[in-house]
Number of protein chains: 2
Amino acid sequence: MDGESDSNNDRKLPSTARSLPIALIRAREKVMGPIREMLSNSGLTEQQWRILRVLDELGPLDSTKLSENASLLLPSQTRIVQTLVEKGLVTRQADPSDRRRQTVAITSSGQQIILDNLDEAQRIAAHIETVLGKETVDRLLDILEEFDRL
Amino acid sequence: MDGESDSNNDRKLPSTARSLPIALIRAREKVMGPIREMLSNSGLTEQQWRILRVLDELGPLDSTKLSENASLLLPSQTRIVQTLVEKGLVTRQADPSDRRRQTVAITSSGQQIILDNLDEAQRIAAHIETVLGKETVDRLLDILEEFDRL
DNA sequence: TTTTATTATTTAAGATGTTAAATAAATGGA
DNA sequence: TCCATTTATTTAACATCTTAAATAATAAAA
């Protein structure tokens with residue numbers, strides 16, 4: 001076996017250590033670790049929390065807009081909303097003017113869960129800014145927003 | 001209902017539009033779109049591709065080191081490696097010196113699949129650098145690496 | 001108005017993610 | 001040696017992701 005393949009002349013992919021998909025997944029894992037720990041106390045998954053946060057911030061939304069803001073695919077969201085309805089944390093009803101549309105809204109119980117986790121969520125966010133620096137985090141968010149142009 | 005809640009005095013979370021977890025997921029979706037399209041022609045998933053790439057780059061690895069480099073949890077990886085073994089793209093055998101360890105290696109068929117997709121994968125990576133700029137991508141990777149310090 | 005196309009959402013099926021428990025082999029004393 | 005621990009991996013159970021197909025309601029066209 002010779003050192004380098006001869007048919008593969010410099011046609012190499014970036015090393016997996018500098019691979020964008022892998023790097024993004026790793027960073028997400030790191031960020032989500034403490035958040036998942038926090039949410040397990042409320043019996044919520046990360047995705048359920050995202051839906052509650054978006055509805056609390058933007059008010060009632062139809063399924064499509066909710067999925068865009070929570071970054072969930074509709075098939076996943078359908079099931080997640082069903083479990084949140086069963087838990088009494090959101091409501092879902094057909095839009096009277098277009099009965100294809102389902103309007104989802106957070107309940108007061110759902111808002112209470114957000115309040116219950118507010119302090120801890122802020123602590124986690126503050127910790128990230130302390131370690132990485134606020135400027136770095138802002139720069140990161142700016143760069144990530146640019147991915148919409150792909 | 002008054003405009004602002006009075007019990008919630010400035011104790012707000014960052015807007016979901018500037019939420020790190022959501023921003024990281026969205027960016028990952030954007031990056032993975034074209035890669036998934038490419039891989040579907042080879043009948044591979046994103047995770048199967050990651051395993052092949054890591055093994056091709058680093059050589060045979062035990063399960064734990066493979067999972068670290070491919071950013072997969074061991075239970076997921078166990079299933080994925082099983083399907084890759086069935087496809088003949090990797091082999092798996094117990095380490096003679098410690099039979100708890102499973103050594104996974106890429107086969108020549110697996111390496112051929114990487115070669116088959118090399119051009120397209122490079123085109124996709126080049127497109128990202130064209131749109132965002134190489135410096136921005138490098139800066140992003142640097143920032144993401146810092147997340148290990150969390 | 002009846003058909004056809006489009007839009008919004010759900011269902012279905014197979015793969016992966018996540019956490020906890022189980023298995024199996026190696027290690028470290030009594 | 002025997003037994004308790006530790007380590008590496010797998011299994012199990014349930015949630016989510018992804019793609020494609022199915023439903024159901026609206027809109028557009030003939």
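In what follows, every chain begins at residue 1, and chains take the letters A, B, ... in the order their sequences are listed. Note that these values count all heavy atoms, side chains included, but never hydrogens, waters or copies made by symmetry.
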> Expressed in angstrom and rounded to an integer, what is the separation of B:R100 atom CZ from D:dT6 atom P?
Replying inline: 13 Å
> What integer distance in Å separates A:D62:CG from D:dA25:P?
Replying inline: 17 Å
> Between A:L73 (CG) and D:dC17 (P), how many Å, whole number?
Replying inline: 7 Å
> Under 4.0 Å between a Lys/Arg side-chain N and an Asp/Glu carboxylate O for B:D62 and B:R92?
Replying inline: no
> Once you round it to whole Å, what is the distance between C1' of D:dC14 and CG of A:L44?
Replying inline: 16 Å
> Is the shortest side-chain N to carboxylate O distance from A:R26 to B:E145 below 4.0 Å?
Replying inline: no
> Between B:E46 and B:R28, is there a salt bridge with N-O shorter than 4.0 Å?
Replying inline: yes
> Closer to the 5' end of DNA chain C via nearest nucleotide, is it B:D95 or B:Q47?
Replying inline: B:Q47
> Under 4.0 angstrom, heavy atoms only, what part of the nucleic acid is B:Q48 near: base, sugar-phosphate, or nothing?
Replying inline: sugar-phosphate
> When you match B:L74 and A:L74 each to their closest nucleotide on DNA chain D, which lands nearer the 5' end?
Replying inline: B:L74
> Rounded to whole angstrom units, what separation is found between the CZ atom of A:R99 and the C1' atom of D:dT26?
Replying inline: 10 Å
> How would you give the extent of chain B contacts on DNA chain C, as first and last nucleotide 5' to 3' within a 4.0 Å heavy-atom cut-off?
Replying inline: C:dA15 to C:dA26
> Mapping A:T45 and A:P96 to their closest nucleotides on DNA chain D, which lands nearer the 5' end?
Replying inline: A:T45
>> Below 4.0 angstrom, which residues in residues 77-93 of chain B have at least one non-hydrogen atom near DNA chain C?
In response: B:R79, B:I80
>> Just to be sure I understand the rule, does B:S76 reach a base, reach only the sugar-phosphate, or reach nothing, if contact means heavy atoms closer than 4.0 Å?
In response: base
>> I want to check one thing: is the phosphate of D:dA8, taken as OP1 and OP2, less than 4.0 Å away from some side-chain N or O of B:R101?
In response: yes
> Are B:D95 and B:R99 within salt-bridge range, i.e. N to O under 4.0 Å?
Replying inline: no
> Does the pair A:R36/A:E29 count as a salt bridge with the N-to-O cut at 4.0 Å?
Replying inline: no
> Is B:R149 paired with B:E146 through a side-chain N to carboxylate O contact shorter than 4.0 Å?
Replying inline: yes
> Taking atom types as modelled and ignoring hydrogens, do the side chains of B:S67 and B:Q77 form a donor-acceptor contact shorter than 3.5 angstrom?
Replying inline: no
> For the pair made of CH2 in B:W49 and P in D:dT18, what is the distance, rounded to whole Å?
Replying inline: 18 Å
> How long is the line joining CZ of B:R28 and C1' of D:dT18, in whole Å?
Replying inline: 11 Å
> Tell me: CD1 of A:I51 to P of D:dA15, nearest whole Å?
Replying inline: 14 Å
>> Could you check whether A:E135 pairs with A:R139 (Lys NZ or Arg NE/NH1/NH2 to Asp/Glu carboxylate O, under 4.0 Å)?
In response: no
> Can a salt bridge be assigned to the pair A:R53 and A:D56 using a cut-off of 4.0 Å between side-chain N and carboxylate O?
Replying inline: no
